[in-house]
Structures are given as C-alpha cells and as structure tokens.
Amino acid sequence: MDKQKITGSDALLKTLIAEGVETIFGYPGGQIMPFYDRLYDYQKEIKHVLVRHEQGATHAAQGYARVSGKVGVCVVTSGPGATNTITGIADAMMDSTPIVVISGQVPAPMLGTDAFQEIDVIGITQPITKWAYQIRKPEEIVWAVSRAFYIASTGRPGPVMLDFAKNAQIGLVDYTYQKVTTVRSYQPFPTIEPGHIAAAAELINSAKRPFALVGQGVILSGAEKELFAFLEKGDIPAGSTALGLSAMPSDYRLNKGLLGMHGNIGPNRKTNECDVLIAIGMRFDDRVTGNLQTYAKQAKIIHFDIDLSEIGKNVPVDIPVAGDAKETLAAVTERLIAADHSAWINSFAAHEEEEMEKVIQKEAYPEEGALRMGEVVGKVSVAVDHDAVLVTDVGQNQMMGIRYFNYRRTRSVVTSGGLGTMGFGLPAAIGAKFGAPARTVCLFTGDGGLQMTLQELGTIMQEKIDLKMVVLNNAFLGMVRQWQELFFHERYSSTVMENPDFAAIAGAYGIKSRTVDKREELDDAIAEMLHHDGAYLLVVNVETHGMVYPMVPAGGTITDMIMDEK
C-alpha cells in the first residue's frame, strides 16, 4: 500500500478495519473526541453501538466475542470512562474472552500533571489484561493495534487495553498497515511433546472408567469435531463446565451434563469414581472441584491445556498435554484403540433417575404452587427448539439457566464464569445479538442483576435490537438468600428487594412487555415473546424462596450434595 499522511484517529480506524472489525461498542467523551469525529466518516465500514454506560460496552464486547469467535472491541474516554471498564476487563480476563478496550487519554505532554480526567489506566489494568499499552505517538498506532489483536486472540485469549493519548489521535502519520503475526517473548502455542501424547493415549487405552471434563478451551480452539472424534473412539462419557456446556449438544449420548457446585449429580459423583480423569481446556476452578483434598484422589489425571500455568496449578497432574486442543486431541485420538465402555456409561443412568426424581421433577415440572425458575427456563428452551443463544446474568437465574436450557450447537452459552459479575447479562446479550444476528438470543436475568445495568434498555431502544429478555423476579437477591437460608440461620440481611414495575420501565423505552405470575399464562406469554418482532421483556414472578439444587457447599466434597430442603 502506498503511504498516505493521515491523522492518528484515521490510522486507528483503518487498522481496525484491516483487522476485520465491523462492530464496536462505545461511549464518547472529551479525550476520545478526535477519534469519534473521524468515526463519523467510517459509518459504512464500522457499526458503532452507543451504550449507556462504559461497563455495558465491555460486557457487550464480551458477548459479541463469545458467540462470534471474533475479538470484541469497545472505545471509551479517559478518567471515569476508562475506570468504568475495569469490571468488564477483569471478567474477560477470568473467562478468557478476547476483547480490545481503547480508552482516550490526555495529551502525552500533560501526563502526570493530574489533568482533568487523567488516570493511570495502564497501572490499573496491567494485572487484569494480557497486555496494556499507552499510545503516545501516532507512529505507534498501527503496530500497537495490530499487536493488541494478535495478543487478544491467540493462545489463551483475553483482554488488551490500549490507552490512546489525545495528541496521538490528532497528529499526522504516514500510514501503512502491517499485520503483527509474532511477538518476541510471547509464545501463544506451547510446543506439543510427542511423548506426552503417547503417554496420554496409552493411559486412556488402559482405562476401565475414563471420564472427560470439557471446558471452554474446546470452544475457543474450535475443537468441537476433534472432541467428538476423541470421545467416540474412546467411548468416553463427558461432563462440562458452565462455559464449556455448548461444546457438545445437550442430547449427545456421551454428554452427561454440568459439573460443579450446582452441577448434575452423575458427573460429580463419577469424578470421584473414574480411574482416568481427562481435563480438556478447563482450569479446575474451585466451583468445579470443591474440596481439593477429596477431589478425584482415585484417578490418574491427564490435563489438556494451552496455558502451561494452569497445568498442575490446582490439581496435581499425571500427564500434561500442553498445546492447542484442536491439535492435541487429534494427535491423541490417532493413537487410541476403539473402546467399549458401555457398562461404565450406563452406570450414569441411576444418578440421572435420582436427580430427576429428587430435583428436576420438582423444579422443571411442578404441578402446583408458585412458578419455578427452572420451569420457566425449560419451557423457553423447548419453545425455541433448544436452538438459541442463552445469555444469563449471575445468581440463581444463572444456575437455573445453564441447568435447564438445552443446546444444539456450539457458542450458545454466554455467562459470567470466573468473576461472577452481576449486571453482565443485559449488555452481554446485546453484544451476542450483534455477534450472531441470525440467531435467537434469550436472556435470563434476576431482578437484582437487571437493575445493575438496566440503562442498557436505552441501547436496545435506539438500535432496535430483537432481544428476548426474561426477568426471573423473586424479589430477593436470590443466591445470597439461598446461602443465608442454608448457612446463616435464615437471617436475610439486606437481600429482600423492593422492585419497580419492570414492565412499565420497558414500556418507557418502547419495549413490549408482559408480567406473568400464573402457571396457566406462561406458555402463551412465552409464545407471544418469541413471535414478537422486536425486543420483548417478559417478567415472571417466581417462587420467592426457590432454591438451586443440587448444591455442593463451598469447600465441600463434590459427591456430598444437598438435594433438597431436607
């Protein structure tokens, strides 16, 4: 490309386009205004979504990245604009979500003077990003932006922060785009060790009761087909982490369900019965393992992961398999001997029957009493033929959402895992709809989490986003109340919520809404929501003292699950 002298803002925009960016989420302000001025002339190339709060911009970028597989991008101004992104950046870091956050900054000569809306963004974000860099000269823009996308999207994905000084936005530069494809000292793909591949295959071939733990790493590496080939050849049952759920269709014969604190009882119990435990793209989070002193002590453990720091960090590993799961799974599968573990697989059935009787029947198919969260989630899942993107907020709505919603294809679950961010759901659902515009996006949120980012209804109104939103309203901070009921002698300290009329608020934003509190009205309301052309907010008043079961108490053994109120 011939060189052309353009402003730094133009250089940023041209580089974003060259990196494949089509949608950005943002909120303008003083120190990023030169960029927004130039953005005015790029509206055909880049869609800008004006959020109502910078935290919403980061969560929307996350939702976009999670369903599209692309890097999510948000742009904010300096000072409070930048600090309002911190929660979303931390959330992206915990959940390995590739986003690039671009913040305005005071001109470089004014740095360190405590100028209006100056803040040390790099110092604040370095611990919660893969890379944080301050652009002080227009000559740095192309290199820094392309490097940011490379770092955010390769290896174990994550967030990158670019702090963009105002003088760099205004200054002129000879522009030539050059894509960054390598960074010295950054090795995103560890070397695959043939010996470890052979050892893993040998151990799996000798297993009588193998069990696989499927994490989001399978989805991030695009290794779903490789996973199926691996599980089929080895005849290996599998459980999933919350973020890994849609790597396998819900009705897949080897998919045994959700792991962890509110997981299915079969996968949890079988973790402590298997002879070979195979972790694939998951990090042995405490919500999955429970008490590490009693976790899978009988099993030999194989850990597939792209991040060397995760292997052996929480759980001792017998065979490490470092590398991209797409490659390592295929390499191990090649060495597997076709197996038949029918008796082992069939042994899950008794646990499934027990859970159906003690938990699922009561939660998803009640015949009387107040509406239940699981009942609502299950009915919506059936109504969309189990083929929609599930987005949740955090709390009981989240656990009920991932337990009772079913999936047909990958990248169908968007939820806040490691950080557990209330307020995540609504803006993440907005981003998910932009990331997968042809798919139905269903948000399940609680009354508490919704009110943390409720203002993003304005974004839905302005952008006319066809989003299906379900508020599971129990007039409590439900998950905290559940812990208070179980472990704090029913002392409901600061968890009772007096809520507004959510339907009236939706109406103020021009969003169609309906409130339901009777079982006989639910099916009709769900059908109305799904057939409505445009955004719809369905408020369902549910059981105020509903509980998410099964439950492994914090720090407990994963096989010791509370099954009901008794």
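Position 1 is the first residue of the sequence, and the numbers go up from there. On a predicted model such as this, the values are computed, not experimentally measured, just so you know.
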Is it the case that more than 12 heavy atoms not belonging to Glu273 sit under 6.0 Å from its CD atom? yes
Looking at side-chain heavy atoms only, is the closest gap between Tyr407 and Asp251 below 4.5 Å? no
With a cut-off of under 6.0 Å to the ring centre and 45° to the axis, is Lys256 in cation-pi contact with Phe348? yes
Any luck finding a side-chain donor-acceptor pair between Thr459 and Glu456 under 3.5 Å? yes
Is the shortest distance from a Lys or Arg side-chain nitrogen in Glu354 or Arg269 to a carboxylate oxygen in the other one below 4.0 Å? yes
Crowded around Lys225 NZ? As in, over 12 foreign heavy atoms under 6.0 Å? no
Distance-only side-chain donor-acceptor flag, Ser412 / Ser246, under 3.5 Å: no
Is there a donor-acceptor pair under 3.5 Å between the side chain of Glu327 and the backbone N or O of Gly323? no
Short question: side chain of Asp393, backbone of Phe424 - any donor-acceptor pair under 3.5 Å? yes
Could you tell me if the side chain of Val67 sits less than 4.5 Å from the side chain of Val414, heavy atoms only? yes
If I compare all heavy atoms of Leu12 with all of Phe164, which pair ends up nearest, and what's the gap? CD2-CE2, 3.1 Å
Nearest atoms (heavy-atom pairs only) where Tyr404 meets Ser381: O-CB, 4.0 Å
With rounding to the nearest 0.5 Å, note down the distance linking CG in Asn268 to OG1 in Thr559. 8.5 Å
Strictly below 4.0 Å, N to O, side chains only: are Lys70 and Glu19 in salt-bridge contact? no
Could you check Ser240 against Met248 for side chain to side chain contact (heavy atoms under 4.5 Å, CB included), going step by step and ending with a plain yes or no? CA-CA 9 Å; Ser240 294; Met248 302 177 285; 3.3 Å; yes
Calculate, to the nearest 0.5 Å, the distance between atoms OH and CZ belonging to Tyr133 and Arg147 respectively. 8.5 Å
Nearest 0.5 Å please: distance from the CE atom of Met282 over to the CG atom of Leu213. 5.0 Å
Run Lys137 and Glu140 through salt bridge (Lys or Arg N to Asp or Glu O under 4.0 Å) and show every step you take. CA-CA 6 Å; Lys137 301 181 292 185; Glu140 298 176 304; 5.2 Å; no
Looking only at non-hydrogen atoms, find the nearest pair between Val71 and Ala152 and report the distance. CG1-CB, 4.5 Å
Might you point out which heavy atoms bring Asp560 and Pro553 nearest each other, and give the distance in Å? O-CD, 3.6 Å
So, the side chain of Gln298 versus the backbone of Cys274: is there a donor-acceptor pair under 3.5 Å, distance only? yes
I need the single residue from Asp307, Asp324, Asp305 that forms a salt bridge (charged side-chain N to carboxylate O under 4.0 Å, His left out) with Arg156. Which is it? Asp307
What is the distance from atom OG1 of Thr125 to atom CD of Gln134, rounded to the nearest 0.5 Å? 10.0 Å
What are the two closest non-hydrogen atoms of Val391 and Ala428, and how far apart are they? CG1-CB, 4.1 Å
Residues, nucleotides or ligands: over 12 heavy atoms within 6.0 Å of Lys208 NZ: no
Under a 3.5 Å distance rule, please check whether Thr289 uses its side chain to pair with a backbone N or O of Leu292 as donor and acceptor. no
Test item: side-chain donor near acceptor, Thr392 and Thr415, under 3.5 Å: yes
In chain order, what residues pass the salt bridge (charged side-chain N to carboxylate O under 4.0 Å, His left out) check against Arg408, with sequence neighbours excluded? Asp385
Only one of Asp91, Asp95, Thr421 clears side chain to side chain donor-acceptor pair (under 3.5 Å) with Gln62; which? Asp91
Any donor-acceptor pair under 3.5 Å linking the side-chain atoms of His59 with those of Gln55? yes
Pair Glu224-Thr410, side-chain hydrogen bond (donor to acceptor under 3.5 Å, both in side chains): steps then yes or no: CA-CA 8 Å; Glu224 293 89 347; Thr410 191; 2.6 Å; yes
Hey, is CD on Gln178 packed in by over 12 heavy atoms from elsewhere, all under 6.0 Å? no
Sole residue of Ile219, Leu243, Leu220 in side-chain contact (heavy atoms from CB on, under 4.5 Å) with Arg66: Leu243
Is there a donor-acceptor pair closer than 3.5 Å between any side-chain N or O of Asp318 and the backbone N or O of Ile302? no
Between Lys14 and Glu45, is the closest basic N to carboxylate O distance under 4.0 Å? no
Answer yes when Arg283 and Asp285 have at least one side-chain N-carboxylate O distance shorter than 4.0 Å, and no when they do not. yes
Check the pair His48 / Tyr42 against ring pair (Phe, Tyr, Trp, His ring centres under 6.0 Å), numbers first and verdict last. CA-CA 10 Å; His48 180 271; Tyr42 290 81; over 10 Å; no
Taking atom types as modelled, is there a side-chain donor on Glu355 or Asn264 under 3.5 Å from an acceptor on the other? yes
State whether Arg335 and Glu202 are salt-bridged, where the test is any N-O pair (Lys NZ or Arg NE/NH1/NH2 against Asp/Glu carboxylate O) under 4.0 Å. no
For Asn291 and Thr557, work out which heavy atoms get closest and say how close. CB-N, 4.3 Å
Would a 4.5 Å heavy-atom cut-off, applied to side chains only, mark Ile204 and Phe230 as touching? yes
Would you find a donor on one side and an acceptor on the other, under 3.5 Å apart, between the side chain of Lys433 and the backbone of Leu467? no
Residue pair Ser416, Met422: steps toward the side chain to side chain contact (heavy atoms under 4.5 Å, CB included) verdict: CA-CA 8 Å; Ser416 173; Met422 287 182 69; over 6 Å; no
Mind checking whether Lys130 and Tyr186 have side chains closer than 4.5 Å, heavy atoms only? yes
For His196 and Val321, indicate whether the former's side chain and the latter's backbone hold a donor-acceptor pair under 3.5 Å. no
Phe434 side chain reached by Ile465 side chain, heavy atoms, under 4.5 Å: yes
Would you say Met479 and His262 make side-chain contact, with heavy atoms under 4.5 Å? yes
Please check if the side chain of Asn314 supplies one atom and the backbone of Phe284 the other of a donor-acceptor pair under 3.5 Å. yes
Drop me the distance from Leu39's CG to Ile46's CD1, to the nearest 0.5 angstrom. 6.5 Å
For Asp466, what residues pass the salt bridge (charged side-chain N to carboxylate O under 4.0 Å, His left out) criterion, not counting sequence neighbours? Lys468
Are side-chain heavy atoms of Val276 and Phe211 found at a separation under 4.5 Å? no
So, the side chain of Gln216 versus the backbone of Leu245: is there a donor-acceptor pair under 3.5 Å, distance only? no
Under the criterion side-chain contact (heavy atoms from CB on, under 4.5 Å), which of Glu226, Lys233, Glu232 is the partner of Thr333? Lys233
Counting N and O atoms only, with roles assigned by atom type, does the side chain of Tyr150 sit under 3.5 Å from a partner on the main chain of Thr181, one being a donor and the other an acceptor? yes
Counting C-beta onward and ignoring hydrogens, is there a side-chain heavy-atom pair between Phe149 and Val73 closer than 4.5 Å? yes
